[in-house]
Q: 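Attaching a single structure in structure tokens format; questions to follow.
Below, chains carry the letters A, B, ... as their sequence lines are ordered, and counting in each starts from 1. Just so we're clear, the structure is a prediction, and the values are computed from it rather than from any experiment. All heavy atoms count here, side chains included; hydrogens, waters and symmetry mates do not.
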Amino acid sequence: DGGITQSPKYLFRKEGQNVTLSCEQNLNHDAMYWYRQDPGQGLRLIYYSQIVNDFQKGDIAEGYSVSREKKESFPLTVTSAQKNPTAFYLCASSTSGAPYNEQFFGPGTRLTVL
Amino acid sequence: EDKVVQSPLSLVVHEGDTVTLNCSYEVTNFRSLLWYKQEKKAPTFLFMLTSSGIEKKSGRLSSILDKKELSSILNITATQTGDSAIYLCAWDQFYFGTGTSLTVIP
């Protein structure tokens, strides 16, 4: 079955630790995205990548880093520099990065900082 | 600053009611507006509206784009409990509104 998977489903982190969220897709999509969702704030774009080995910052990239070494994978690292990392993180992909393509979303990772 | 605003923030209706959700966008270069339904975790795509496709319909759901007023509406007729979800609109797939939380009571 084609789709997007994210792992883990739930993640707990101590303050000062870096954590990496996994996102994998087998839809053969060129573009991938990371969003953060907080209550009452909708989805906010962290990073996106339109092609392998290339990515761009979104509105709230500070404290996050990404890599795109393979077409199917787009991991997100939440660093200790991110001041308020507790949130629900969604990964998505689309055929291309053009604005006329729907996005397919993964099931999300809920990160809690203890 | 470009932004997408949705209203109302939440809505509670009874089964069978018709609802209208609003999305207004203040953007400098409109290209597409998308609607998604988020039931539990992953949003799922409903409609995409562009300059060349300002009206879409699928079953009980329909959406219209008003480029002049810079807004879009999502209509759901004969609502069912399965329509309970958060409805998100997005400009150019990047910029999402805060969503409208719809609850349909039996």
Side-chain angles (χ1 to χ4, degrees), chain A residues 1-11 21 23-25 27 29-50 55-61 87-111, chain B residues 1-11 21-54 56 58 61 63 65 67 72 85-102:
Chain A
D1 288 328
I4 301 180
T5 57
Q6 290 185 243
S7 62
K9 195 173 179 180
Y10 298 97
L11 185 57
L21 282 57
C23 178
E24 304 274 333
Q25 54 98 0
L27 299 167
H29 285 170
D30 285 318
M32 296 186 75
Y33 314 79
W34 274 105
Y35 294 92
R36 169 182 172 141
Q37 187 172 31
D38 296 280
Q41 293 199 44
L43 275 64
R44 291 184 290 167
L45 183 66
I46 305 173
Y47 269 98
Y48 68 99
S49 168
Q50 296 185 325
F55 47 83
Q56 288 77 41
K57 293 182 179 180
D59 291 336
I60 57 167
F88 185 55
Y89 291 86
L90 283 162
C91 178
S93 70
S94 63
T95 306
S96 75
Y100 305 105
N101 293 287
E102 67 188 85
Q103 291 180 71
F104 294 82
F105 285 85
T109 292
R110 188 165 297 280
L111 173 63
Chain B
E1 181 181 309
D2 296 336
K3 61 179 181 179
V4 179
V5 179
Q6 292 187 247
S7 65
L9 290 181
S10 65
L11 194 55
L21 311 182
N22 299 283
C23 175
S24 64
Y25 53 96
E26 300 173 14
V27 299
T28 54
N29 181 25
F30 172 80
R31 291 181 291 185
S32 63
L33 189 134
L34 298 94
W35 284 97
Y36 291 86
K37 177 182 182 182
Q38 185 177 24
E39 290 183 76
K40 290 191 177 176
K41 295 189 175 178
T44 54
F45 173 76
L46 293 174
F47 300 117
M48 179 168 62
L49 304 166
T50 66
S51 297
S52 58
I54 62 172
K56 293 288 174 71
S58 176
L61 277 66
S63 184
L65 177 73
K67 278 196 70 180
S72 175
I86 295 173
Y87 290 84
L88 299 160
C89 69
W91 163 60
D92 270 6
Q93 79 209 89
F94 286 157
Y95 300 102
F96 283 77
T98 53
T100 292
S101 176
L102 174 65

Q: Could you state the interatomic distance from CG (A:L11) to CD (A:Q6), rounded to the nearest 0.5 Å?
A: 12.0 Å

Q: Is the closest side-chain donor-acceptor distance between A:S94 and A:Y33 under 3.5 Å?
A: yes

Q: Please walk me through it: do A:K9 and B:K41 pass side chain to side chain contact (heavy atoms under 4.5 Å, CB included)?
A: CA-CA 11 Å; A:K9 195 173 179 180; B:K41 295 189 175 178; 3.0 Å; yes

Q: For chain A, which candidate among B:G97, B:A42, B:S10, B:P43 shows the most heavy-atom pairs at distances under 4.5 Å?
A: B:P43

Q: Report which part of B:Y36 has an atom under 4.5 Å of a heavy atom belonging to chain A: side chain, backbone, both, or neither.
A: side chain

Q: Does any heavy atom of chain B fall under 4.5 Å from the side chain of A:D38, the backbone, both, or neither of them?
A: neither

Q: Heavy-atom distances under 4.5 Å only: say whether A:Y48 touches chain B with side chain, backbone, both or neither.
A: side chain

Q: Please check this pair: side chain of B:Q6 against backbone of B:G99, looking for a donor-acceptor N/O pair closer than 3.5 Å.
A: yes

Q: Any idea how A:W34 and A:Y89 line up, ring-wise: parallel (<30°), tilted (30 to 60°), or perpendicular (>60°)?
A: perpendicular

Q: When only pairs under 4.5 Å are counted, which of B:L88, B:L9, B:D92 shares the most heavy-atom pairs with chain A?
A: B:D92

Q: For A:L90, is it the side chain, the backbone, both, or neither that has a heavy atom closer than 4.5 Å to a heavy atom of chain B?
A: side chain

